[in-house]
**Student:** 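Before I ask anything, let me first share the structure, which is written out below as structure tokens.
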Number of protein chains: 2
Amino acid sequence: MLKLAILGFLRDRPMHGYELRRHLAALTGHIRPLSDGTLYPAIKRLEADGLLVRETEPGSTAAPRHTLHLTPEGRAALLERLRTPEQLDISDENRWFTVLAFLRHLDDPAAQAVVLRRRLAFLEEPASFFHDEAGPLDAERITDPFRSGILLIARATSRAELAWLHDMIAALETQGGRDLTATGA
Amino acid sequence: MLKLAILGFLRDRPMHGYELRRHLAALTGHIRPLSDGTLYPAIKRLEADGLLVRETEPGSTAAPRHTLHLTPEGRAALLERLRTPEQLDISDENRWFTVLAFLRHLDDPAAQAVVLRRRLAFLEEPASFFHDEAGPLDAERITDPFRSGILLIARATSRAELAWLHDMIAALETQGGRDLTATGA
DNA sequence: CGACGATACCTCGATATCGAGGTATAGCGG
DNA sequence: CCGCTATACCTCGATATCGAGGTATCGTCG
């Protein structure tokens with residue numbers, strides 16, 4: 001997920017690690033803060049895999065300041081990841097939001113619609129949040145107010161997302177990606 | 001989070017690993033599947049910390065079948081974790097739901113309200129999902145339809161959860177925890 | 001009675017992340 | 001010019017998780 005976010009941000013424009021760090025913090029930092037010890041090794045992994053290169057600019061500001069650029073392989077890896085996300089990217093909301101945040105880079109409305117349809121399919125399958133010996137518990141049989149709260153919140157999210165997904169998929173498939181800003185508002 | 005969930009389920013009643021696995025799968029498995037290689041080492045860690053003991057029942061069914069029981073230390077650890085969750089348990093929705101799923105074990109409405117208030121405070125602080133060079137971007141300035149979708153969904157969740165939290169906290173603080181099942185429905 | 005699936009448990013290597021520490025420089029206020 | 005903060009990068013040990021593999025038993029269907 002970190003890998004996806006790094007590739008996604010660098011697709012917009014080259015930047016150095018510290019700037020990347022600020023962008024990542026703005027994306028998911030309030031939910032899950034990111035430490036240096038996670039970011040810099042991740043950058044090194046991507047560099048070792050040939051997905052990005054660093055260009056040292058000595059005279060700019062303080063420290064050596066390596067500006068990070070995506071390679072063609074890096075751009076290809078981003079597109080591939082966006083086109084065929086793993087199941088965890090679909091089911092886990094944090095990861096899914098990261099996919100969504102960069103899905104515009106997948107410059108093909110049909111391919112974007114395919115990804116949204118996968119999320120749609122996941123949300124539409126009956127999710128069993130709790131169960132006892134008799135099997136899954138639906139909301140009505142749950143007496144614990146905290147657990148019924150979970151279901152209440154999960155359903156509200158689900159409703160909002162399903163509505164948005166339906167609109168968005170329709171726009172992508174019929175209009176070919178034009179006039180999209182109006183659908184979500 | 002796994003630790004919390006294991007302690008929470010064993011608080012209800014003793015069970016063996018495989019049963020625990022099914023309960024965990026029902027709780028968060030559709031979002032994030034749990035592998036054996038995660039569960040059994042986690043059980044061993046809890047056993048090593050003295051939070052649970054296993055009692056081998058040889059004659060029951062197939063394999064040795066260790067029934068897991070919480071120790072008094074385990075019950076204390078669960079209560080402590082529920083009473084003072086770490087910040088990640090508050091901010092990350094997956095973790096927060098796990099806290100909620102077992103918060104009833106914290107058998108004190110005032111303490112439960114304190115935990116809910118922490119989540120309330122987190123949701124009420126202005127979350128900046130994206131930003132550019134000029135600073136955080138509010139929803140109106142975002143042109144990417146996928147990103148505005150993220151904000152749309154996040155706001156719907158937030159609204160539903162805020163409403164529920166306000167009701168629930170009020171019920172816990174004024175009624176002392178009685179008549180709670182009516183508030184969330 | 002033999003194959004098969006479900007139950008039940010376990011190990012181990014690879015990987016990702018965390019958190020705490022460190023090293024610099026630039027710029028600014030006092 | 002001293003201290004402070006922000007910028008910018010890095011290492012390293014500890015830990016948690018994943019995934020793929022293994023072992024054994026029980027019940028049942030044919």
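Worth knowing before you read on, the calculation uses all heavy atoms, side chains too, and leaves out hydrogens, waters and symmetry mates. Sequence lines set the chain letters: A, B, ... in the order given, protein chains first and strands last, and positions in each chain run from 1.
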**Student:** Once side-chain contact (heavy atoms from CB on, under 4.5 Å) is applied, do any residues pair with A:T71, and if so which ones, sequence neighbours excluded?
**Tutor:** A:V53, A:E73
**Student:** For A:Y40 and D:dC10, give me the distance from atom OH to atom P, rounded to whole Å.
**Tutor:** 7 Å
**Student:** For nucleotides 18-23 of chain D, list the nitrogen or oxygen atoms of the protein found under 3.5 Å from its nitrogen or oxygen atoms, one pair per line.
**Tutor:**
{"unit_1": "D:dC18", "atom_1": "OP2", "unit_2": "B:T38", "atom_2": "OG1", "d": "2.6"}

**Student:** Using whole Å, report how far CZ of B:R21 lies from C1' of C:dA8.
**Tutor:** 10 Å
**Student:** Whole angstrom is fine here: how far is it from NE2 in B:H16 over to P in D:dC26?
**Tutor:** 15 Å
**Student:** Just how far, in rounded Å, is P of C:dC10 from CG of B:L39?
**Tutor:** 10 Å
**Student:** Under the side-chain hydrogen bond (donor to acceptor under 3.5 Å, both in side chains) test, which residues partner A:S158, sequence neighbours left out?
**Tutor:** none
**Student:** For B:R11, check side-chain hydrogen bond (donor to acceptor under 3.5 Å, both in side chains) against everything at least two apart and list the hits.
**Tutor:** none
**Student:** Rounded to whole angstroms, how far apart are NE2 on B:H66 and C1' on D:dT25?
**Tutor:** 14 Å
**Student:** Within less than 4.0 Å of OP1 or OP2 of D:dC10, is there a side-chain N or O belonging to A:R54?
**Tutor:** yes
**Student:** Can you measure A:I6 atom CD1 to C:dT17 atom P for me and round it to whole angstrom units?
**Tutor:** 9 Å
**Student:** May I ask you to check if B:R81 and B:F102 form a cation-pi contact, with NZ or CZ under 6.0 angstrom from the six-membered ring centre and within 45° of the axis?
**Tutor:** no
**Student:** Please name all residues satisfying side-chain hydrogen bond (donor to acceptor under 3.5 Å, both in side chains) with B:D92, sequence neighbours left out, ordered by chain then number.
**Tutor:** A:R32
**Student:** Using a heavy-atom cut-off of 4.0 Å across all strands, would you classify A:K3 as base, sugar-phosphate, or nothing?
**Tutor:** nothing
**Student:** Report the residues that fulfil side-chain hydrogen bond (donor to acceptor under 3.5 Å, both in side chains) with B:T157, sequence neighbours left out, ordered by chain and then residue number.
**Tutor:** A:T157
